Q: 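Pasting a structure here, questions to come.
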Amino acid sequence: MSKRDYYEILGLEQGSSESEIKTAYRKKAMQYHPDRNPNNAEAEEKFKEATEAYEVLKDSEKRQMYDQYGHAGLGQGGGFGGAGMGGFNQFDLSDALRAFMRDFGGGGGGGGSPFDDIFGGGGRGRSNRGEDLRVRLNLTLEEITSGIERKLKVKRMIHCDTCDGSGVAAGSSKRTCPQCKGAGQVRTISRTFLGTVQQVTTCNMCRGQGEVIADPCKTCHGDGRHKGSTTVNVKVPAGVSSGNYMTIEGKGNAAPRRGETGDLVVIFDEKEHDNFTRHGDHVLYELPISFTKAALGGRLVVPTLHGDAELVIPSGTQSGKVLKLKGKGVPRLHRSGKGDQLVQITVWVPTKLSSQDKSLLEKLALSESFKPPETDRSFFQKLRDTLGV
Ligand SMILES: [Zn+2]
Ligand SMILES: [Zn+2]
């Protein structure tokens with residue numbers, strides 16, 4: 001069966017404007033909407049067909065492909081080939097209803113549309129999932145650098161073994177929910193711009209299960225889960241930063257009555273370090289050196305995240321100079337290589353001098369080499385002249 005032309009479906013010409021497309025689709029959608037045509041397979045087909053056409057024509061990129069190459073341009077091939085491709089061949093009623101509600105749902109407030117409960121995917125299964133849990137994990141910069149494995153004790157809702165998650169006491173059974181008569185859903189009538197619309201919502205008495213428990217399990221009080229804790233092994237990769245997280249599937253709260261267990265989300269926090277400040281993959285280390293070391297140069301041993309390392313101080317190093325220890329920073333997350341350790345030098349000026357120190361320094365002060373360079377002063381003088389200060 002070959003597909004009909006999208007313009008023809010909506011009763012349009014090829015050059016139609018966006019607003020004409022919208023108006024034409026709205027008209028067709030209202031006419032064939034399943035709420036106005038209950039149990040009418042033909043109307044449902046027409047509604048889907050019109051929505052599919054609208055979804056293509058309202059999208060300028062898709063429309064262009066369609067105008068140029070027809071259905072083939074949208075990767076639809078011939079009819080119903082290519083099973084499982086997830087393309088338009090799979091366009092079902094819930095897609096169509098969602099598309100319609102998205103553009104014509106009214107109210108606009110972003111809240112769930114009344115149709116989500118009727119046709120939304122998942123239905124019962126989706127509502128019965130345990131909550132995801134979050135824990136924060138504090139890490140030192142050393143732990144971040146090496147990567148660690150940590151055992152975390154997590155308080156969570158766990159599956160009730162007494163009733164195997166059913167919530168039913170031994171020897172007892174479930175009975176049909178009196179409120180929804182086992183349907184798991186209740187119907188209400190509401191008025192919308194489409195006219196009177198039947199709205200279906202999950203039954204609150206049985207939470208959509210269709211059954212209620214006559215004699216609940218004593219351990220879990222019918223919930224099928226109870227408070228407990230689990231030890232979870234967390235492997236933290238090297239190089240994480242504050243705010244990075246990892247998701248451990250199935251270690252969140254167990255679902256009430258045998259649903260899917262939620263996930264555990266572990267969020268990393270970096271502790272402040274006494275010696276190092278982290279800047280991405282680099283770490284900054286401040287190092288005061290003696291005035292003589294700065295003048296003469298030499299070697300010093302400094303701590304790094306990877307153990308002690310030797311730092312070469314060139315002679316004549318000025319205060320504020322930043323020296324680099326390559327590859328002594330934090331490993332790059334999920335990549336090879338490491339950042340650097342940047343060592344910021346401050347030249348420490350002695351504050352207490354013996355009379356011998358003083359006389360030595362006074363002699364040195366007379367030396368030409370101890371005067372700061374002339375060029376620097378003229379530079380600042382020029383700057384002052386320019387600024388007029
Ligand atoms: Zn139980
Ligand atoms: Zn019910």
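Everything quoted here is computed from the prediction, not taken from an experiment. Computed from heavy atoms alone, side chains included, the values below leave out hydrogens, waters and symmetry copies. For ligands, and for the atoms within them, numbers begin at 1 and follow the listed sequence.
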Q: Would you check if there is a donor-acceptor pair between the side chains of Asp67 and Tyr7 at a distance under 3.5 Å?
A: yes

Q: Before moving on, can you tell me the angle at the Zn ion (ligand 1) between the SG atom of Cys220 and the SG atom of Cys160, to the nearest 10 degrees?
A: 110°

Q: Out of the candidates Val330, Val240, Asn244, Leu141, only one should pair with Glu270 under the side-chain contact (heavy atoms from CB on, under 4.5 Å) rule; please name it.
A: Leu141

Q: Would you say Cys163 has an N, O or S atom lying under 2.8 Å from the Zn ion (ligand 1)?
A: yes

Q: Checking only N/O/S atoms, does His221 have one that is under 2.8 Å from the Zn ion (ligand 1)?
A: no

Q: Could you please compute the angle at the Zn ion (ligand 2) from SG of Cys177 to SG of Cys206, rounded to 10°?
A: 110°

Q: Quick one: do Lys28 and Glu49 make a salt bridge, cutoff under 4.0 Å?
A: no

Q: Looking at Asp357 and Lys363, is there a salt bridge between them, counting it only when a charged N and a carboxylate O are closer than 4.0 Å?
A: no

